[in-house]
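Heads up: the structure comes next, in structure tokens.
In what follows, chains carry the letters A, B, and so on, assigned in the order in which the sequence lines appear, proteins first and then strands, with residues in each chain numbered from 1.
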There are 2 protein chains.
Amino acid sequence: MGESSSERTSRRGRRPAGQDARAAILAAARAEFTERGYVAASVRSVARRAGVDPGTVRHWYGDKARLLSAALGLGEISPTEIVRQAVEGPLDTVGERLLRAALTMWDDAGPEPLRIALPAVLSDPELRALMPQFLLAEILGPIARRLPPGEAALRANLLGTQMVGLMMARYVVGLEPIASLPADAVVAAVAPTLQRYLTGELPEAAAVGA
Amino acid sequence: MGESSSERTSRRGRRPAGQDARAAILAAARAEFTERGYVAASVRSVARRAGVDPGTVRHWYGDKARLLSAALGLGEISPTEIVRQAVEGPLDTVGERLLRAALTMWDDAGPEPLRIALPAVLSDPELRALMPQFLLAEILGPIARRLPPGEAALRANLLGTQMVGLMMARYVVGLEPIASLPADAVVAAVAPTLQRYLTGELPEAAAVGA
DNA sequence: AGCATAATTCCTCACATGAGGAAAAATCTG
DNA sequence: CAGATTTTTCCTCATGTGAGGAATTATGCT
């Protein structure tokens, strides 16, 4: 964890043009958050890794939460928008469309953001407590609005269970063979489940319980 | 967070018989780990909450990892054993048996152990890296051994995705309505998925990808 | 009753963290 | 070119952490 003085100048003041401290900080943050977890990583450990002073990190990103947001690139993709688009179209293929959209999003981003964000959120009871509202409003809500009332919430919930489980196994944990299965194979196996949850027969006992 | 001197004596030495410091420490640990997350909770914060000195915590439980194990009551229930028992019997109802066993185990324990353990494990890249092996060996392995070779691993994986997703939604996140759905209703909705994953038709594209 | 053992606190140490602010150095602008 | 602005480090502070060990006090055993 020692800083290499060949990589880090010790004089105060502005660096010559062309050096991108912000990018180095963000890359270091992603690495630190991934390797140590958000809580155990510190602003100082990120700064050390980036080869800058902690004051520089603070200057650009303020506190650690904002550094996390920046490192995750939040705001660049909107899961809500992705869901909204996928949910449009015929209902008898909505399961597959949602799954493909999610797999594309996750595959594009790689496992890092999920591996950083999920434990960070789950470790904080206040953030964790916000997740149901967020999920219902932003992810499952647009789906439920396409379904007949009465079972819509339960059906969207069930879809959520399968999607989050797949996300966990494939991206967060890296469970094989599903972690390296081609997307088409995943869709072939899992989309029928999603479709049944959304539009298929739910046994009476499930519906009564809702 | 301040300690109440009416609850804590300040003299050194053994306490009169009848006071159970260990139980108080474990209860405090569970509360602290749940409310702050494992990493952010400290041995000192646990001790403060329990009304004892940090040295006492250290005396009984050594380091924080061992305190976590004790607080979670690890060793009292064996998921592996539960899976092994549920997997015995006719294959055409194994999905439901596994699900009932898991729901019982989770319901009995309440959300706390999962809310403590999951972020703790996922925040630590070394522990996280061990999860696939553990899951495959201890949970999914006994299931896969009951299935015909060739697709056994994929089928067990698929079952795992649904189970972990259900666990996340129902217990960790508290997503409604599934969080408060009666177990029978959950089984009615989800067991057919598990059964299909284990013994049902998997589309060709899924099987080829495995 | 006396001694050994067990349980608990107090003390100390080295180290780490987030945060604020001032000084220094490069760039930008008119 | 000079001054303003931007960027970066150094310095300081208050607070917290894990860990080791010795002193103290109650219990257990003979």
Side-chain angles (χ1 to χ4, degrees), chain A residues 1-26 28-29 32-33 35-71 120 123-124, chain B residues 1-26 28-29 32-33 35-71 120 123-124:
Chain A
M1 212 51 75
E3 54 209 46
S4 160
S5 30
S6 65
E7 297 174 7
R8 188 179 169 205
T9 1
S10 296
R11 288 175 312 161
R12 303 182 186 202
R14 195 165 170 159
R15 292 292 170 267
Q19 302 180 222
D20 195 349
R22 269 172 289 178
I25 291 167
L26 289 184
E32 283 290 304
F33 291 149
E35 290 175 21
R36 296 165 148 240
Y38 169 68
V39 176
S42 63
V43 170
R44 288 178 191 239
S45 72
V46 170
R48 278 194 296 270
R49 195 175 192 118
V52 300
D53 188 82
T56 306
V57 179
R58 197 170 55 241
H59 174 81
W60 289 117
Y61 300 108
D63 60 15
K64 199 160 78 165
R66 287 174 40 219
L67 179 62
L68 176 67
S69 296
S123 295
D124 184 330
Chain B
M1 210 53 71
E3 56 208 44
S4 161
S5 31
S6 66
E7 297 176 7
R8 187 176 171 210
T9 358
S10 296
R11 289 176 309 160
R12 301 182 187 203
R14 195 163 170 162
R15 291 294 168 267
Q19 301 179 221
D20 196 348
R22 270 172 289 177
I25 291 167
L26 289 184
E32 282 290 304
F33 291 150
E35 290 175 22
R36 296 166 146 237
Y38 169 69
V39 176
S42 64
V43 171
R44 286 176 198 242
S45 73
V46 169
R48 276 193 296 270
R49 194 176 193 120
V52 302
D53 188 81
T56 306
V57 179
R58 197 168 54 241
H59 174 80
W60 288 118
Y61 299 108
D63 59 16
K64 200 161 79 168
R66 287 173 40 219
L67 178 62
L68 176 66
S69 297
S123 295
D124 183 331

Inset, instruction - Ignoring hydrogens and angles, answer whether the base of D:dG16 and the side-chain atoms of B:Arg44 contain a donor-acceptor pair closer than 3.5 Å. - result: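 Under the 3.5 Å cut-off, the side chain and the base do not form any donor-acceptor pair.
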
Legend entry - Short N-O contact, A:Glu35 and A:Arg49, less than 4.0 angstrom: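 Yes, charged N to carboxylate O under 4.0 Å.
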
Roughly, in whole Å, what's the span from [atom1] in [X] to [atom2] in [N]?
| X | N | atom1 | atom2 | answer |
| --- | --- | --- | --- | --- |
| B:Asp53 | D:dT17 | CG | P | 13 Å |
| A:Arg36 | C:dA16 | CZ | P | 10 Å |
| B:His59 | D:dG21 | NE2 | P | 15 Å |
| B:Arg58 | C:dC10 | CZ | C1' | 11 Å |

Legend entry - Heavy-atom protein contacts under 4.0 Å, nucleotides 23-30 of chain D, coded B base, S sugar-phosphate only, - none: BBBBS---

Legend entry - Beyond-backbone contact of A:Val46 with A:Val52, side-chain heavy atoms, under 4.5 angstrom: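 No, their side chains stay 4.5 Å or more apart.
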
Inset, instruction - Tell me which of B:Gly55 and B:Lys64 sits closer to the 5' end of DNA chain D, going by the nucleotide each one is nearest to. - result: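 Taking each residue's closest nucleotide, the earlier one in sequence belongs to B:Lys64.
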
Legend entry - Distance (rounded to the nearest 0.5 Å) between A:Leu68 CG and A:Glu32 CD: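 One gets 13.0 Å once the value is rounded to the nearest 0.5 Å.
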
Legend entry - Separation between OG of A:Ser123 and CZ of B:Arg36, rounded to the nearest 0.5 Å: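 Result: 13.0 Å between the selected atoms.
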
Legend entry - Toward the 5' end of DNA chain C, by each residue's nearest nucleotide, B:Asp20 or A:Asp63: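 Closest to the 5' end, via its nearest nucleotide, is B:Asp20.
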
Phosphate contact ([N] OP1 or OP2) by [X] side-chain N/O below 4.0 Å:
| X | N | value |
| --- | --- | --- |
| B:Trp60 | C:dT8 | yes |
| B:Arg48 | D:dT17 | yes |
| A:Thr56 | D:dT9 | yes |

Legend entry - Worked check of side-chain contact (heavy atoms from CB on, under 4.5 Å) between B:Val43 and B:Tyr61: CA-CA 10 Å; B:Val43 171; B:Tyr61 299 108; over 6 Å; no

Inset, instruction - Can you see which heavy atom on A:Tyr38 is nearest to which on A:Ala120, and at what distance? - result: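 Distance-wise, the nearest heavy atoms are CB-CB, 3.6 Å.
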
Legend entry - Trace of the side-chain contact (heavy atoms from CB on, under 4.5 Å) decision for A:Arg66 with A:Trp60: CA-CA 10 Å; A:Arg66 287 174 40 219; A:Trp60 289 117; over 6 Å; no

Inset, instruction - For A:Ser42, answer base if it contacts any base atom (sugar-phosphate contacts may also be present), sugar-phosphate if it contacts only those atoms, and nothing otherwise; contact means non-hydrogen atoms under 4.0 Å. - result: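 Contact class for A:Ser42: sugar-phosphate only.
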
